[in-house]
Amino acid sequence: MPVVLDPDAAAVYKAFQEAGRPAYESLTADEARAYYAQARFATNPDAPELARVAPLAIPAPHGTIPARIYVPKQPRLQHGKSPALVFFHGGGWVIGDLDSHDVVCRQLAEAGALTVISIDYRLAPEHKFPAAADDAIAATKWIAANARELGIDAARLSIGGDSAGGNLAAVVALAARDGDGPNIAGQVLIYPATDFAMTHGSHSEPETSVLLTHSVIRWFRDHYLNGAADIHDWRASPARATNLAGLPPAYVLTAGADPLRDEGDEYAARLRQAGVLVTYKHYPGQFHGFFTMGKLLQQANVAVSEIGVWLKGLG
């Protein structure tokens, strides 16, 4: 599929190329995390001021899962309780943390007039599959069980994330439907990774190898998965779930210059075919990762606003 970057996206891509940053696959995991952490200062927009931002420690079998709660100034309260979005950050299951997605969580809290709880799940290669999925499921269950103490409405609990986080949100939705979790009001899948087979056309098009390159995706995969057998596990590849019926309403976002474009598009189509209410938004001139770059890319701020409107529509 021909891809033409929007002028601002093309300018950002050119700046990244001229900066001479090393490719993640040439670094150790710790080095890649440090580079990713620094990039946010150049790309994240100004952070909205909220009523409260505070750390959380979610108990888990291995100890605790760090998290952060974001409460906007004007949440949509019913009987004193706010709707909530459990958010899983992107970063290929290897990089990213609470700070890398702090601003976008603040934006979503404000745009959706709801509480956002960001989850710092365990990263690979120190913690390989299914550690991240296990943490995402466990954290969502704990948040629902402790909704009253958190000031949120368990009946209006949604999940979401970008890239690897979109993968985890899709996995949590499937697990919850099948009894390993609470009822989920909605799922926000921002250019989600859904199939580790990586055989869709967008995984081989030269035009999609922008920032998230074809080689770095393989680097992420090899860090996260234990071996080829994991590809077929729906907790790694939610598209491998044979039945998508009964899942919560979904907002699926894809970008044109993204190796994950076609699998996100196909997952949205399969959800719709299974009777799930789907809102699908495609940004043809943007690349993977644009969603957190609101300082440089206006379409990122448009995307946040539109997701906020959709979350409000859930009730």
Side-chain angles (χ1 to χ4, degrees), residues 1-19 21 36 39-48 85 87-92 96 100-113 116 118 158 160-167 169 186-194 202 205-213 216-217 250-265 267-268 278-313:
M1 177 187 296
V3 177
V4 178
L5 289 176
D6 292 343
D8 56 357
V12 170
Y13 180 42
K14 181 181 179 183
F16 268 88
Q17 289 177 304
E18 292 176 347
R21 288 165 54 89
Y36 188 63
R40 76 181 190 275
F41 297 112
T43 61
N44 287 181
D46 293 336
L85 172 69
F87 189 86
F88 309 107
H89 68 78
S100 67
H101 285 65
D102 178 77
V103 173
V104 82
C105 286
R106 292 171 184 261
Q107 289 181 296
L108 288 167
E110 183 178 67
V116 173
S118 183
S158 297
D162 61 325
S163 192
N167 166 280
Q187 52 181 324
V188 178
L189 311 180
I190 301 163
Y191 33 70
T194 63
S202 55
E205 296 172 7
E207 297 89 347
T208 62
S209 197
V210 176
L211 298 191
L212 180 68
T213 62
V216 80
I217 288 183
Y251 188 105
V252 182
L253 180 154
T254 60
D258 183 357
L260 305 181
R261 181 196 65 220
D262 290 353
E263 62 193 77
D265 176 76
Y267 196 72
V278 176
T279 297
Y280 177 72
K281 178 68 176 186
H282 180 61
Y283 289 83
Q286 295 295 320
F287 49 68
H288 187 96
F290 85 94
F291 186 69
T292 58
M293 298 185 180
K295 180 185 287 188
L296 306 176
L297 302 172
Q298 182 56 28
Q299 289 296 293
N301 302 314
V302 171
V304 170
S305 296
E306 292 188 351
I307 288 172
V309 170
W310 184 83
L311 288 165
K312 288 177 179 177

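One is the number of the first residue; the rest follow in order along the sequence.
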Main chain of [Y], side chain of [X]: is a donor-acceptor contact present, judged purely on distance under 3.5 Å?
{"X": "Lys295", "Y": "Arg40", "result": "no"}
{"X": "Tyr191", "Y": "Phe291", "result": "yes"}
{"X": "Asp258", "Y": "Leu260", "result": "yes"}
{"X": "Ser202", "Y": "Pro259", "result": "yes"}
{"X": "Gln286", "Y": "Ala255", "result": "no"}
{"X": "Arg261", "Y": "Gly256", "result": "yes"}

Please report the interatomic distance [atom1]([X]) to [atom2]([Y]), rounded to the nearest 0.5 Å.
{"X": "Asp102", "Y": "Thr292", "atom1": "CG", "atom2": "OG1", "value": "12.0 Å"}
{"X": "Leu253", "Y": "Thr279", "atom1": "CG", "atom2": "OG1", "value": "11.5 Å"}
{"X": "Phe290", "Y": "Leu211", "atom1": "CZ", "atom2": "CG", "value": "12.5 Å"}
{"X": "Ile190", "Y": "Leu108", "atom1": "CD1", "atom2": "CG", "value": "6.5 Å"}

Problem - Donor-acceptor side-chain pairing of Asn301 and Gln107 below 3.5 angstrom - result: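 Indeed, the side chains of Asn301 and Gln107 share at least one donor-acceptor pair under 3.5 Å.
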Problem - Between Gln17 and Tyr13, a side-chain donor and acceptor under 3.5 Å - result: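 Yes, because at least one side-chain N or O of Gln17 sits under 3.5 Å from a partner of the opposite role on Tyr13.
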Exercise for the section: Check ring-ring contact (aromatic ring centres under 6.0 Å, His included) between His89 and all other residues, then give those that pass, not counting sequence neighbours. Expected result: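 Partners of His89 under the ring-ring contact (aromatic ring centres under 6.0 Å, His included) test: His101, Tyr121.
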Handout entry: Any residue meeting side-chain hydrogen bond (donor to acceptor under 3.5 Å, both in side chains) with Asn44, in chain and number order, not counting sequence neighbours
Key =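 Testing Asn44 for side-chain hydrogen bond (donor to acceptor under 3.5 Å, both in side chains), a comparison that skips the adjacent residues, returns none.
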For a quick test of reading the model, state the closest non-hydrogen atom pair linking [X] to [Y] and the distance between them.
{"X": "Val103", "Y": "Asp46", "answer": "CG1-O, 4.1 Å"}
{"X": "Ala111", "Y": "Ser305", "answer": "CB-CA, 4.5 Å"}
{"X": "Ala9", "Y": "Phe287", "answer": "O-CE2, 3.3 Å"}

Exercise for the section: With sequence neighbours excluded, tell me which residues meet side-chain contact (heavy atoms from CB on, under 4.5 Å) with Ala39. Expected result: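 Expected list: Arg21.
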Exercise for the section: Would you please test Leu5 and Val12 for side-chain contact (heavy atoms from CB on, under 4.5 Å) and show each step? Expected result: CA-CA 10 Å; Leu5 289 176; Val12 170; over 6 Å; no
Practice task
Please indicate whether Lys312 has more than 12 foreign heavy atoms, meaning atoms of other residues, nucleotides or ligands, lying under 6.0 Å from its NZ.
Solution key: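 Atom NZ in Lys312 is crowded, with more than 12 foreign heavy atoms closer than 6.0 Å.
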